[in-house]
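Count residues from 1 along the sequence.
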Amino acid sequence: MTPEFVIGFVRQAIELTLSIALPMLLVGLSVGVFVSIIQAATQIQEMTLTFIPKLVAIFTALLISFPWIMDKLNTFTINLFLNLPEYVR
């Protein structure tokens, strides 16, 4: 294994991790901004008002994107195991 291969492999793993986390992060961000605007407009400063909607929205986004996430992880893992003999050389 060359250093270039290791760097490329780690880069691919980090890109996969970020692409998998992106839907939940974007949903959490958008719900957080929306709730913050509502709180600023109504002057209600309740901490659970920000936490509960974000939690529900992120969980819903996870349920919706779960098949896509599993497909990406399966593809990555299958490619890893199929190419393992080449990686060891």
Only pairs under 3.5 Å count here: list side-chain donor-acceptor contacts from residues 22-40, not counting sequence neighbours, and write none if there are none.
| from | atom 1 | to | atom 2 | distance (Å) |
| --- | --- | --- | --- | --- |
| S30 | OG | L26 | O | 3.1 |
| S30 | OG | V27 | O | 3.0 |
| S36 | OG | G32 | O | 2.8 |
| Q39 | NE2 | E46 | O | 2.9 |

Out of curiosity, does F9 fall in the hydrophobic cluster containing I20 (side-chain heavy atoms, cut-off under 4.5 Å, transitive links)? yes
Going from CD1 on I44 to OG1 on T50, what distance comes out if it is rounded to the nearest 0.5 angstrom? 12.5 Å
Find the distance between CD (Q12) and CD1 (I7) and round it off to the nearest 0.5 Å. 14.0 Å
Hydrophobic cluster membership, M47 vs I58, 4.5 Å side-chain cutoff: no
Are more than 12 heavy atoms, taken from residues, nucleotides or ligands other than F51, located less than 6.0 Å from that residue's CZ atom? no
Minimum-distance pair of heavy atoms, taken over all atoms of N79 and Y87: O-OH, 4.3 Å
What distance do L80 atom CG and T75 atom OG1 have between them, rounded to the nearest 0.5 Å? 12.5 Å
Shared hydrophobic cluster for V6 and L84 (ILVMFWY, side-chain gaps under 4.5 Å): yes
Flag, side chain of S65 to backbone of W68, donor-acceptor distance under 3.5 Å: no
For residues L73 and L82: do they belong to one hydrophobic cluster (side chain heavy atoms under 4.5 Å, members Ile, Leu, Val, Met, Phe, Trp, Tyr)? no
Do I14 and I69 sit in one hydrophobic cluster, given that two such residues count as connected whenever their side-chain heavy atoms are within less than 4.5 Å of each other, even indirectly? yes
Pairwise distance CD(E4) to CZ(R11) - rounded to 0.5 angstrom: 14.0 Å
